[in-house]
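Report on the following structure.
In the text below, chain A, chain B and the rest are named by the order of the sequence lines, each starting its count at 1. Bear in mind the structure is a predicted one, so any value in this text is a computation, not a measurement.
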Amino acid sequence: MSQGRRRRINVENVGDVAVVTFIDKRILDEQNIQVIGEQLFALVKEEGRKKILLNFDAVEYLSSAALGKLITMNKNVKEVKGQLKLCSIRPEIYEVFEITKLNKVFQIYDDQEQALNDFK
Amino acid sequence: MDRPEYLSSVRIPSKPSVASKFIEELVESLKQSQYSSRVIFGIRLAVEEALVNAVRHGNDCKEDLEVDIRYTVGDDEFVIEVKDQGPGFNPDDVPDPTAPENLERPCGRGILLMRTYMTDCQFVPPGNVCQMRRIRE
């Protein structure tokens with residue numbers, strides 16, 4: 001397994017929700033973003049998960065390429081009539097969502113507990 | 001934008017890992033010059049986007065093509081110029097990523113972020129040179 005194919009996300013099951021945390025503090029590097037995207041998409045397309053929560057607690061930076069992967073992930077989840085939620089985004093990064101108006105596209109919660117309570 | 005004075009320059013191949021290394025060194029320099037973490041956040045994001053544009057879109061990820069970077073971490077402001085060897089582009093042709101019909105497009109947000117986080121951001125025709133400035137605050 002090449003370095004680029006290392007696991008870049010951790011997945012914990014909370015009930016029927018897959019709670020994803022990110023290993024990288026900075027989701028900037030193109031190659032990492034590609035791998036993160038593949039590992040996120042695999043949750044839906046290979047593992048059949050329909051309820052996914054992305055916890056950004058550990059993430060300090062996010063580039064526009066990473067935002068692109070999140071948008072594609074959102075489409076993948078919608079295609080299987082699933083739910084994707086985001087939580088624990090630090091203020092500097094939330095500002096990026098506001099600037100790009102992606103805070104209107106994603107369901108974003110202050111913390112994991114709030115997000116988990118809102119899954120149907 | 002006034003003609004800036006660039007005190008440092010570096011030429012890198014069109015390789016994302018080399019671009020990332022440059023950004024880490026730049027961030028360290030900004031920290032040493034005691035730029036605020038908020039300003040550094042914005043500069044990092046903007047420079048990252050500029051370099052991704054240069055490497056991926058400008059030079060088409062061809063490692064034999066290079067990116068010229070000139071910059072100054074000044075007392076009052078940070079200035080940078082990123083030049084790729086591609087044909088350039090017209091930034092006005094990039095659709096507004098915040099328009100409702102474009103919100104769910106997976107790309108096209110880099111220039112918006114660069115313009116938002118930097119005090120000035122301009123592309124010199126034919127569009128393969130990006131010049132940015134961030135006042136220190």
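Only the side chain of B:Arg38 comes within less than 4.5 Å of a heavy atom in chain A; its backbone stays farther off. For B:Leu103, the parts lying under 4.5 angstrom from a heavy atom of chain A are both the backbone and the side chain. At a 4.5 Å heavy-atom cutoff, the contact between B:Thr98 and chain A is made by backbone and side-chain atoms alike.
For A:Phe22 against A:Asn55, the heavy-atom pair with the smallest separation is CD1-O, 3.6 Å.
In this structure, A:Arg90 is not positioned above the aromatic face of A:Phe56 in the sense of NZ or CZ being under 6.0 Å from the six-membered ring centre and within 45° of the axis.
With a 6.0 Å radius and a threshold of 12 heavy atoms from other residues, nucleotides or ligands, B:Asp75 has its CG atom at or below the threshold. Within 6.0 Å of CD in B:Glu101 there are more than 12 heavy atoms belonging to other residues, nucleotides or ligands.
Atom OG of B:Ser33 is separated from atom CZ of B:Phe78 by 10.5 Å, given to the nearest 0.5 angstrom. Rounding to the nearest 0.5 Å gives a distance of 7.5 Å between CD1 of A:Ile36 and CG of A:Leu40. Here B:Ile111 contributes atom CD1 and B:Cys130 contributes atom SG; the two are 8.0 Å apart, rounded to the nearest 0.5 Å.
Heavy-atom proximity under 4.5 angstrom to chain B picks out A:Ser63, A:Ser64, A:Ala65, A:Leu67, A:Gly68, A:Ile71, A:Thr72 from residues 63-73 of chain A.
In terms of the side chain to side chain donor-acceptor pair (under 3.5 Å) criterion, residue partners of A:Asp16 (sequence neighbours excluded) are, by chain and number, A:Lys51.
When each of A:Glu60, A:Lys75, A:Arg26 is scored by its heavy-atom pairs under 4.5 Å with chain B, the top score falls to A:Arg26. With respect to chain A, the highest number of heavy-atom pairs below 4.5 Å among B:Glu104, B:Arg109, B:Arg44, B:Glu48 belongs to B:Arg44. In terms of heavy-atom pairs under 4.5 angstrom with chain B, the leader among A:Thr100, A:Asn74, A:Val105 is A:Thr100.
In this structure the side chain of A:Tyr109 never reaches within 4.5 angstrom of the side chain of A:Leu53, judged on heavy atoms.
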